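Please read these numbers as outputs of a predicted model, since none were measured by experiment.
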Protein chains: 2
Amino acid sequence: MSPRPAPDLDRRRYRITRTARDLVESEGWSAVTMRRLASELGVTQPVLYSAFPAGREALLDAVAVSGFEAIAEALEAVEPEALARMHAYLDFAAERTHLYEAMFSLPSGLQFGTGGGPEPLQRAFAALRNAFPGPDSVRTEVAWATLHGLATLRIHGRLPASSASARLHLAHRMLTQLPENDSRGGGIDDG
Amino acid sequence: MSPRPAPDLDRRRYRITRTARDLVESEGWSAVTMRRLASELGVTQPVLYSAFPAGREALLDAVAVSGFEAIAEALEAVEPEALARMHAYLDFAAERTHLYEAMFSLPSGLQFGTGGGPEPLQRAFAALRNAFPGPDSVRTEVAWATLHGLATLRIHGRLPASSASARLHLAHRMLTQLPENDSRGGGIDDG
DNA sequence: AACGTTCTCTAACAACGCTAGCATTGCTGT
DNA sequence: ACAGCAATGCTAGCGTTGTTAGAGAACGTT
């Protein structure tokens with residue numbers, strides 16, 4: 001019934017993902033081609049497709065999830081306080097630029113928030129949520145959006161680096177020194 | 001000395017950029033290839049390189065700048081008040097998803113803020129700045145980051161659509177109902 | 001009308017993601 | 001131990017991509 005042992009696809013996926021992550025961090029996304037990746041692993045291209053039948057995009061998704069694992073760890077490494085975790089978040093984005101890009105710009109989309117999504121995403125979201133206690137997740141969602149905006153605009157050089165610290169502190173004040181909201185904004189009418 | 005008239009490169013650049021923008025909005029970025037673009041314009045690929053010697057990336061930058069022109073108009077179209085312009089910003093990002101992506105994700109980077117950069121970028125930034133009056137640009141920068149984060153995360157389906165309105169109103173409160181800051185946060189030590 | 005310069009097109013290159021088909025591998029049953 | 005078999009991995013190729021060199025056409029000048 002099984003004349004030849006099936007390869008350990010989980011382990012293979014892990015190895016490929018790790019190599020892709022190393023490659024993207026050291027040489028950028030343009031270096032992450034299927035050929036280069038196979039060559040780096042000492043195998044040929046079709047092997048990659050045995051681990052990721054959906055192709056390159058699925059592989060990139062795996063790298064992204066791996067990135068969420070890393071940022072979850074980075075956030076959990078500091079005390080569950082707003083400013084500390086905000087700083088950790090922005091540091092992560094600044095130091096691991098290409099990986100951060102993969103987590104947001106490239107993949108097709110995996111949902112955050114209270115709902116589903118892969119476990120590392122929920123972990124990362126929870127790590128931020130713990131730093132912004134409150135009855136609902138809205139503040140955390142806005143905090144994430146603000147951090148993501150700051151990170152992205154900084155990565156792409158959109159904002160002057162000189163006022164980076166001022167921006168972080170203002171964002172921190174905004175997100176913490178504001179009383180709870182009671183005006184029910186509804187949730188049906190969105191653009 | 002000039003046996004044949006040089007083509008009007010400015011006009012050519014404009015035409016190419018407009019076609020690329022239409023194409024990206026109707027069929028997404030995967031459709032914007034040099035061949036397809038040339039075919040759409042009734043010319044061949046080398047003509048595109050005469051207008052954009054730096055290649056495809058420069059062309060995408062031009063599309064991005066054109067997008068900033070469009071978002072500047074969208075912001076200027078509503079009254080210079082915070083909530084209205086925030087709404088206009090998010091509507092623009094939601095309705096012209098692919099174009100918005102080009103403006104931030106893809107290009108190499110053109111600086112915002114008070115400093116230089118192409119004129120449309122400064123116009124768009126000024127349109128937002130007028131909605132957030134204050135002594136410096138920091139609040140506007142954070143506002144832009146927050147809006148950009150909300151827009152991006154929404155585009156990629158990262159945040160549940162149900163609480164979109166609640167997020168907008170919280171962000172608006174954060175950015176407006178907070179007194180001016182006097183703690184000099186410095187600007188040297190950034191990550 | 002012929003020239004000369006400049007532009008534009010044809011054609012091709014290298015590299016990309018991806019896939020069909022063949023050779024190889026390693027277990028199984030006698 | 002030896003042959004059979006099924007799933008593996010590799011070789012080779014297809015169709016595209018961005019980009020570029022060299023041939024051909026077009027136009028103003030003389």
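Looking at the side chain of A/R56, the nearest of the listed nucleotides C/dC18, D/dC10, D/dT20 is C/dC18. The nucleotide whose nearest atom lies closest to any side-chain atom of A/P46 is, among C/dC9, C/dT19, D/dG18, C/dT19.
A donor-acceptor contact under 3.5 angstrom links the side chains of B/R12 and B/S50, judged on distance only.
Rounded to whole angstrom, the span from the CD atom of A/Q45 across to the C1' atom of D/dC10 amounts to 10 Å. Spacing between atom CE of B/M34 and atom P of C/dC9 amounts to 14 Å, rounded to whole angstrom units. Rounded to an integer number of Å, the gap from B/R35 CZ to C/dA12 C1' is 10 Å. A/L59 places its CG atom 13 Å from the C1' atom of C/dC18, with the value rounded to the nearest Å. Straight-line distance from the CG atom of B/L60 to the C1' atom of D/dT17: 14 Å, rounded to whole Å. Rounded to an integer number of Å, the gap from OH of A/Y49 to P of C/dC16 is 11 Å. Protein atom CG of B/L41 is 11 Å distant from nucleotide atom P of C/dC9, rounded to whole Å. Taking atom CZ of residue B/F52 and atom P of nucleotide D/dG18, one finds them 14 Å apart after rounding to whole Å.
Among the heavy atoms of the strands lying under 4.0 Å from B/T33 are primed sugar atoms or P, OP1, OP2 only; no base atom is included. Nucleic acid contact class of B/R36 (heavy atoms, under 4.0 Å, all strands): none.
In this structure, the separation between OG on A/S137 and CG on B/L159 is 10.5 Å, given to the nearest 0.5 Å.
For the pair B/Y100/B/H148, a side-chain contact is recorded, criterion being any heavy-atom separation below 4.5 Å from C-beta on.
With hydrogens and angles disregarded, a donor-acceptor distance shorter than 3.5 Å links the side chain of B/R139 to the backbone of B/L175.
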